[in-house]
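Worksheet for the structure shown next.
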Amino acid sequence: KAGVTQTPRYLIKTRGQQVTLSCSPISGHRSVSWYQQTPGQGLQFLFEYFSETQRNKGNFPGRFSGRQFSNSRSEMNVSTLELGDSALYLCASTKGQGAGNTIYFGEGSWLTVV
Amino acid sequence: QKEVEQDPGPLSVPEGAIVSLNCTYSNSAFQYFMWYRQYSRKGPELLMYTYSSGNKEDGRFTAQVDKSSKYISLFIRDSQPSDSATYLCAMSAPNSGGSNYKLTFGKGTLLTVNP
């Protein structure tokens, strides 16, 4: 069974640019969530999508956005990049319904802003 | 006060040692508790998942949850060099539909097991 797939794995962007990251969840999983991981703040929840609808959003500025497609694949976008956006961006998927769902993570996309 | 507190370590032990990793939390709504292992430059890998107070064992790993004290632990028996990684505790509360989908993580504990 294929795991959560994220692309690209590594990228370097310049301050002020925007970036789009992609995530394909495990087959059959309808919930996709995104996390940012930095050495200082650890893993922080960005947002979660289920059936193309954003169900919850973390405490991040509006420059961070996402969407989910009908096939459950998801993208997140960061506009007007800042140096502090350099981080590992992790996508996670779960079935999304029922209690106690197991949440699986992808390998992440390493973003460096210069 | 952070919702989840985890001692960042680093923790260095000899091969074969018993390792104890701990997290405390303040949000009594948390019902699901997980431990993830993260190797350098990799995504977190789910190790253990529990949703009730008590112990759960899986091979060399034992997860312990004490909801009354808001305290969870992960024990690793007969630790191996391959266990060297960052260990993250995570927890979540059910939404109105009973599902859980948002994890709150501890900062992670860096463990090194020396041969």
Side-chain angles (χ1 to χ4, degrees), chain A residues 3-7 9-10 21 23 25-26 29-51 53-60 68 74 87-112, chain B residues 2-10 21 23 25 27 29-54 56 58 63 65 67 85-110:
Chain A
V4 179
T5 304
Q6 292 188 245
T7 56
R9 289 294 320 281
Y10 303 92
L21 308 177
C23 173
I26 292 171
H29 286 191
R30 295 168 62 190
S31 167
V32 173
S33 50
W34 290 89
Y35 291 79
Q36 182 196 64
Q37 187 175 28
T38 60
Q41 298 299 318
L43 269 150
Q44 293 185 286
F45 174 79
L46 278 158
F47 28 65
E48 186 258 356
Y49 289 86
F50 181 81
S51 291
T53 301
Q54 187 182 86
R55 288 201 296 195
N56 202 3
K57 190 177 191 306
N59 190 25
F60 278 82
Q68 186 180 34
S74 177
L88 175 64
Y89 289 88
L90 290 158
C91 172
S93 80
T94 181
K95 286 184 179 177
Q97 285 182 314
N101 289 289
T102 306
I103 299 171
Y104 298 94
F105 283 85
E107 293 288 275
S109 292
W110 286 91
L111 171 65
T112 301
Chain B
K2 278 193 169 294
E3 279 191 293
V4 179
E5 299 276 4
Q6 181 176 7
D7 186 342
L21 304 165
C23 288
Y25 63 96
N27 187 348
F30 288 144
Q31 297 294 321
Y32 307 110
F33 305 93
M34 287 138 276
W35 286 94
Y36 284 86
R37 177 175 63 194
Q38 187 174 25
Y39 291 112
S40 180
R41 304 194 74 79
K42 297 285 190 180
E45 169 195 11
L46 182 66
L47 272 179
M48 300 288 286
Y49 170 77
T50 58
Y51 53 87
S52 59
S53 284
K56 180 178 181 180
D58 184 1
V65 173
K67 288 186 179 179
T86 296
Y87 289 80
L88 298 148
C89 64
M91 39 200 85
S92 66
N95 64 4
S96 58
S99 301
N100 67 301
Y101 51 84
K102 174 187 172 183
L103 297 178
T104 301
F105 282 86
K107 284 282 190 74
T109 300
L110 178 61

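The sequence lines fix the lettering, A, B, ..., with proteins before strands; numbering per chain opens at 1.
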Within-4.5 Å side-chain heavy-atom neighbours: B:Tyr51 and B:Gln31: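 The answer is no, as the side chains (C-beta and beyond) never meet within the 4.5 Å cut-off.
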Quick one: what part of [X] sits under 4.5 Å from any heavy atom of chain B, side chain, backbone, both or neither?
| X | result |
| --- | --- |
| A:Leu43 | both |
| A:Gln44 | neither |
| A:Phe47 | neither |
| A:Tyr49 | neither |

Applying salt bridge (charged side-chain N to carboxylate O under 4.0 Å, His left out), can you list everything that pairs with B:Lys42, at least two apart in sequence or on another chain?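 So B:Lys42 forms a salt bridge (charged side-chain N to carboxylate O under 4.0 Å, His left out) with A:Glu107.
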Can you say whether the rings of A:Tyr35 and B:Phe105 are parallel (under 30°), tilted (30 to 60°) or perpendicular (over 60°)?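 Aromatic pair A:Tyr35/B:Phe105 classed perpendicular.
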Contacts of B:Glu5 meeting side chain to side chain donor-acceptor pair (under 3.5 Å) (sequence neighbours excluded), chain-then-number -> none
